[in-house]
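The basis for the numbers below is simple: all heavy atoms, side chains too, and nothing from hydrogens, waters or symmetry mates.
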Amino acid sequence: MSRYVLRRVLYGLLVLIGVNFLTFILFFQVNSPEDMARLALGGKRVSDEAVEQWKREKGYDLPLLLNTQSQGVGVLTDTVFFQKSMKMFVGQFGRADDGRSIANEIVQRAGPSLALAVPVFVLGLLINITFALVLTFFRGTYLDVSGVVLCVLGMSISGLFYIIAGQYVFSKILNLVPISGFSAGQEAWRFLILPVLVGVVSGIGTGTRWYRTIFLEETSKDYVRTARAKGLSESVVLGRHVLRNGLIPILTGSVTVIPLLFMGSLITESFFGIPGLGSYTIEAIQSQDFAVVRAMVFMGAVLYLLGLILTDVAYTLADPRVRLS
């Protein structure tokens, strides 16, 4: 197990370097340090001297990838790529273009993101699995067909519709919850209940269909037929055998998502005005703040790779027949 995890970590480091490099290349294919300086300073009429000063202050006066004027390792280290991107591997995220520490912003914004994402994930998982088991229990009946049709309809509706409809009905018409914003402490639930509801409802169609497919595949296997032949009721077969043996594909999706909960929801946080990591990323993209963009992409890659490793480890816990070497 330990050798496997170590090998995956080493592979992950190579992947992270590649992600960093591609992010860097793509960003500076679209934006140049001069464009970033003019946007930060307020427009195209900014003098060249002011642009150069901004580049020196922010560290963008160096060559992007290779510094041919340096010698030795300086050819690689005295570059924007090394100074801005590679230092993240030792936890140095640097500062945003507005001077604020990116690490501090991540710590402060992780709380609101988790307060939104964790309830959506937990409630969505429980509701989707429950609905999927009910449809599996009544498979082939009108209830099953109707449920599948409703799931397809739910999947076909854009997530923006759920957000706008929820804000219009529950905030504007019924005036039950604030339409947007966030408040820490005991009042936080008033601002989170609507986005949590929207997140759960918008994911029911996709989640229920996915889990229903898993359970239906399990019901056709030999061990299920054997359990039925022994006289076990259908509810016992589903709850004790089908659900348990369907945990591996469920874990594949669930454990991978857990680390990404820290990254927040880009659309939901932006529409509901929640100061989480998702809205932080959107703001950075709009302002062309490469320091924040690269930090968030790096964090997303790290958490996703961590989720893949946790998924493989969780396999052994769910099914003792699976062994990692």
Side-chain angles (χ1 to χ4, degrees), residues 114 116-163 166 193 195-228 232-265 267-268 303-304 306-322:
L114 288 174
L116 170 62
V118 171
V120 171
F121 171 75
V122 174
L123 292 176
L125 190 64
L126 295 176
I127 292 174
N128 294 340
I129 290 178
T130 301
F131 285 175
L133 285 174
V134 171
L135 295 182
T136 305
F137 183 84
F138 293 101
R139 59 191 176 279
T141 65
Y142 287 109
L143 179 61
D144 181 31
V145 174
S146 301
V148 172
V149 171
L150 290 176
C151 287
V152 174
L153 289 175
M155 295 168 56
S156 304
I157 299 175
S158 171
L160 293 177
F161 173 82
Y162 292 101
I163 294 175
I193 187 170
V196 168
L197 177 64
V198 168
V200 171
V201 172
S202 62
I204 287 179
T206 303
T208 300
R209 280 205 67 200
W210 166 243
Y211 297 133
R212 174 183 174 274
T213 302
I214 294 174
F215 296 147
L216 284 178
E217 183 179 353
E218 292 293 324
T219 56
S220 62
K221 294 183 177 179
D222 291 338
Y223 76 89
V224 174
R225 287 193 289 268
T226 302
R228 289 174 183 150
L232 295 180
S233 64
E234 189 67 16
S235 60
V236 173
V237 172
L238 289 176
R240 185 180 300 177
H241 298 285
V242 173
L243 178 59
R244 181 177 180 180
N245 286 277
L247 282 179
I248 286 185
I250 292 176
L251 284 171
T252 302
S254 300
V255 181
T256 304
V257 169
I258 290 177
L260 298 180
L261 296 178
F262 290 89
M263 298 303 295
S265 174
I267 297 177
T268 304
L303 294 173
Y304 185 75
L306 177 62
L308 293 179
I309 296 175
L310 291 177
T311 300
D312 292 337
V313 173
Y315 280 172
T316 63
L317 302 178
D319 189 349
R321 296 171 297 177
V322 178

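- Formation of a donor-acceptor pair under 3.5 Å by the Thr208 side chain with backbone atoms of Gly205 is not found in this model.
- Between Ile129 and Leu133, some side-chain heavy-atom pair lies under the 4.5 Å cut-off.
- Atom CG of Leu123 is surrounded by more than 12 heavy atoms from other residues, nucleotides or ligands within 6.0 Å.
- The nearest pair of heavy atoms linking Tyr223 to Glu218 is OH-OE1, 2.5 Å.
- Of the possible polar contacts, one joining the Arg225 side chain to the Ser220 backbone as a donor-acceptor pair under 3.5 Å is found.
- When all heavy atoms of Val120 and Pro195 are compared, the closest pair comes out as CG2-O, 4.4 Å.
- Residue Phe121 qualifies as enclosed at atom CZ: its count of foreign heavy atoms under 6.0 Å is above 12.
- With rounding to the nearest 0.5 angstrom, the CG atom of Leu135 is 6.0 Å from the CG atom of Leu143.
- Here the side chain of Tyr162 pairs a donor or acceptor atom with the backbone of Gly154 at under 3.5 angstrom.
- Annotation: the span from Leu116 atom CG to Ile193 atom CD1 amounts to 12.5 Å, rounded to 0.5 Å.
- Residues Ile267 and Ile163 form a side-chain contact, since some pair of their non-hydrogen atoms from C-beta on lies under 4.5 Å apart.
- In this structure, the side chain of Arg139 engages the main chain of Thr136 through a donor-acceptor pair within 3.5 Å.
- Qualifying salt bridge (Lys or Arg N to Asp or Glu O under 4.0 Å) partners for Arg240, counting only residues two or more places apart in sequence or in other chains: none.
- A distance of 9.0 Å separates CH2 in Trp210 from CD1 in Ile250, rounded to the nearest 0.5 Å.
- Taking both residues in full, the closest heavy atoms of Asn128 and Ile204 are given as OD1-CA, 3.3 Å, listed atom of the first, atom of the second, then distance.
- At least one donor-acceptor pair under 3.5 Å links the side chain of Thr219 to the backbone N or O of Leu216.
- In terms of heavy-atom proximity, Ala227 sits nearest to Val237 at CB-CG2, 4.1 Å.
- Minimum heavy-atom separation, Tyr211 to Ala132: CB-CB, 3.5 Å.
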